[in-house]
J.: 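Below are the structure tokens for one structure; questions will follow.
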Amino acid sequence: MQLYSIASGSSGNCIYAGTEESGVLVDVGISMKRVQEGLAKQNLSFGNIRAILITHEHTDHISGLGPVLRKVPIPVYATADTIEAIWTKNNMKNISPELFHSIRPGEEVELAEMLVEPFSISHDAVDPVCYTIEYKNQKLGIATDMGCYTDEIIEDLASCDSVLLEANHDINLLQVGHYPYSLKMRILGDRGHLSNDASARLIREILHPGLQHIVLGHLSKENNFPELAYQTVTYELEQSEMWNSMDARLLVAERYEPTECLTIT
């Protein structure tokens, strides 16, 4: 099973999860051209995509959805409130509503021979979720856009072989940055985004000997740097005896380019 970030960050998000033959996209917050180019680098195309999973209705997660669906009628899965919000705020002209299927947190859906389970997160969207995806005893998790994490989220991610987790901002950079006070408070709040430090704490909670890959994603363009996110998380993890005994890889997802495709062994 593969985890392949085509783009990840506050500028747009799109992630492939599946096998070498077929899989799903989690979010389409970049242009159709960039999705096509990213898939092509792994010898994939839209013909290999069995479904699109949407986490929530913010632009950096759905901006490319309309153009893709007008060209390729791929089924879309999201919560009912998220679907309604997409149709309200996005250009869905010439797209069939029958492509959209509602899901509920905690209820598994079988797609492309994979078990997909959405789980609720805390974010300032109508009904946001993230996903775990399981195929033949291999499991990955994709969890971003969370102001905080809960015991339930830890439980959902604790058995994953590979995870992509949010490390959105450095708290100090955000606090001294140019953002208005209200926006800073939104990002720092329980319905905002995980900081590098919070991401590191979450990772320590889900460490287990079978964890193979950790990808830090959804970095802020203004309030973070890949090196800073990596160093902050690495420092925290090195305090863990379990981490020091593991052979897991820690990576940072690229903002504008695909990141190395990770294969669960």
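When reading the values below, keep in mind they use all heavy atoms of this one structure, side chains included, and skip hydrogens, waters and symmetry mates. None of these values were measured; they are calculated from a predicted model.
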J.: Would you confirm whether Arg50, through its side chain, and Ile74, through its main-chain N or O, come within 3.5 Å as a donor-acceptor pair?
T.: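 No; zero donor-acceptor contacts below 3.5 Å.
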
J.: So, Ser122 side chain and Asp190 main chain: donor-acceptor pair closer than 3.5 Å or not?
T.: yes

J.: What's the separation between atom CG in Leu157 and atom CD1 in Ile206, rounded to the nearest 0.5 Å?
T.: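 Atom-to-atom, Leu157:CG and Ile206:CD1 are 5.0 Å apart.
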
J.: Is there a path of hydrophobic side-chain contacts, each under 4.5 Å between heavy atoms of I/L/V/M/F/W/Y residues, joining Leu65 to Phe46?
T.: yes

J.: With a 4.5 Å limit on heavy-atom distance, are the side chains of Thr265 and Gln212 in contact?
T.: yes

J.: Heavy-atom count check: over 12 atoms from other residues, nucleotides or ligands less than 6.0 Å from Glu98 CD?
T.: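 Counting other residues, nucleotides and ligands, CD of Glu98 stays at 12 neighbours or fewer.
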
J.: Begin with the C-alpha distance, continue with both residues' side-chain angles, and end with the deciding distance and a verdict on side chain to side chain donor-acceptor pair (under 3.5 Å) for His218 and Asp60.
T.: CA-CA 10 Å; His218 209 291; Asp60 58 326; 3.2 Å; yes

J.: So do the side chains of Ile6 and Ile30 get within less than 4.5 Å of each other, counting heavy atoms only?
T.: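 Result yes, sub-4.5 Å side-chain heavy-atom pair found.
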
J.: Spell out, as yes or no, whether a donor-acceptor pair under 3.5 Å connects the side chain of Asn48 to the backbone of Ser45.
T.: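 Yes.
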
J.: Kindly indicate whether the side chain of Tyr4, heavy atoms from C-beta on, has any atom under 4.5 Å from the side chain of Thr259.
T.: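 They are not in contact (no side-chain heavy atoms under 4.5 Å apart), so the answer is no.
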
J.: Under the ring pair (Phe, Tyr, Trp, His ring centres under 6.0 Å) definition, can you give me all pairs with a residue in residues 152-185, not counting sequence neighbours?
T.: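 Residue pairs passing ring pair (Phe, Tyr, Trp, His ring centres under 6.0 Å), neighbours aside: none found.
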
J.: Just wondering, more than 12 heavy atoms not from Gln42 lying within 6.0 Å of its CD?
T.: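 Atom CD in Gln42 is crowded, with more than 12 foreign heavy atoms closer than 6.0 Å.
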
J.: Using modelled atom types and a 3.5 Å cut-off, is there a donor and acceptor pairing between side-chain atoms of Thr88 and backbone atoms of Glu84?
T.: yes

J.: Which atom names give the shortest non-hydrogen contact between Ala198 and Leu194, and what distance separates them?
T.: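 Heavy atoms of Ala198 and Leu194 come nearest at CB-CD2, 3.9 Å.
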
J.: Does Glu257 have any side chain to side chain contact (heavy atoms under 4.5 Å, CB included) partners at least two apart in sequence or in another chain, and if so, which?
T.: Lys41, Glu254

J.: Is it true that Glu236 and Arg204 make a salt bridge, defined as a side-chain N closer than 4.0 Å to a carboxylate O?
T.: yes

J.: Can you name the residues that form a salt bridge (charged side-chain N to carboxylate O under 4.0 Å, His left out) with Asp124, not counting sequence neighbours?
T.: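 So Asp124 forms a salt bridge (charged side-chain N to carboxylate O under 4.0 Å, His left out) with Arg186.
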
J.: Under 4.5 Å between side-chain heavy atoms, chaining through other members, with only Ile, Leu, Val, Met, Phe, Trp and Tyr counted: pull out the rest of the cluster around Ile15, sorted by chain and number.
T.: Met1, Leu3, Val24, Val26, Leu53, Tyr77, Ile103, Val109, Leu111, Met114, Val116, Val129, Tyr131, Ile133, Tyr135, Leu140, Ile142, Leu164, Val215, Leu251, Leu262, Ile264

J.: Taking salt bridge (charged side-chain N to carboxylate O under 4.0 Å, His left out) as the definition, give me every residue that meets it alongside Glu222, ordered by chain and number, with sequence neighbours left out.
T.: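 Glu222: no salt bridge (charged side-chain N to carboxylate O under 4.0 Å, His left out) contacts found.
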
J.: Should we count CZ of Arg70 as having more than 12 external heavy atoms under 6.0 Å?
T.: yes

J.: Do Asn168 and Ser220 have side-chain N/O donor and acceptor atoms under 3.5 Å apart?
T.: no

J.: How about Lys89: does its NZ atom have over 12 heavy atoms from other parts shown lying under 6.0 Å from it?
T.: yes

J.: Answer yes or no: is there a side-chain heavy-atom contact under 4.5 Å between Met185 and Leu188?
T.: yes

J.: Hey, do the aromatic rings of His123 and His61 have their centres closer than 6.0 Å?
T.: no

J.: Please find the pair of heavy atoms, one from Asp161 and one from Asn137, that lie closest to each other, and give the distance.
T.: OD2-O, 4.0 Å

J.: The criterion is side chain to side chain donor-acceptor pair (under 3.5 Å); which residues satisfy it with Glu37, sequence neighbours excluded?
T.: none

J.: For a 4.5 angstrom cut-off between non-hydrogen side-chain atoms, does Asp170 reach Asn223?
T.: no

J.: So do the side chains of Thr19 and Gln2 get within less than 4.5 Å of each other, counting heavy atoms only?
T.: no

J.: Once rounded to the nearest 0.5 Å, what's the spacing between atom CG of Asn224 and atom CZ of Arg255?
T.: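 Taking CG in Asn224 and CZ in Arg255, the distance rounds to 9.0 Å.
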
J.: What is the minimum heavy-atom distance between Gly66 and Met92, and which atoms define it?
T.: CA-CE, 3.7 Å

J.: If we only count heavy atoms from C-beta on, is the Phe119 to Cys130 side-chain gap below 4.5 Å?
T.: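 Yes; the side chains approach each other to less than 4.5 Å.
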
J.: Heavy-atom count around Gln175 CD within 6.0 Å, excluding the residue itself: above 12?
T.: yes

J.: For the residue pair Tyr230 and Val252, what are the closest heavy atoms and their distance?
T.: CB-CG2, 3.9 Å

J.: Does atom CD (Glu113) have a neighbourhood of more than 12 heavy atoms from anything else shown, all under 6.0 Å?
T.: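 Count not over threshold, so no.
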
J.: Could you pull out the closest heavy-atom pair between Ser195 and Ile171, with the gap in Å?
T.: CB-CG1, 3.7 Å

J.: Whether the Ser8 and Ser5 side chains hold a donor-acceptor pair (N or O, under 3.5 Å, no angle test) is what I'd like checked.
T.: no

J.: Donor-acceptor pair, distance only, cut-off 3.5 Å: does the side chain of Ser63 make one with the backbone of Gly29?
T.: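 Yes, the answer is positive, given that a donor and an acceptor are paired below the 3.5 Å cut-off.
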
J.: Taking side chain as C-beta onward, heavy atoms only, is Trp243 less than 4.5 Å from Ile214?
T.: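 Contact flag for Trp243/Ile214 side chains = yes.
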
J.: Take Ser159 and Lys139, measure what side chain to side chain donor-acceptor pair (under 3.5 Å) needs, and give me the verdict at the end.
T.: CA-CA 7 Å; Ser159 58; Lys139 184 178 179 181; 3.0 Å; yes

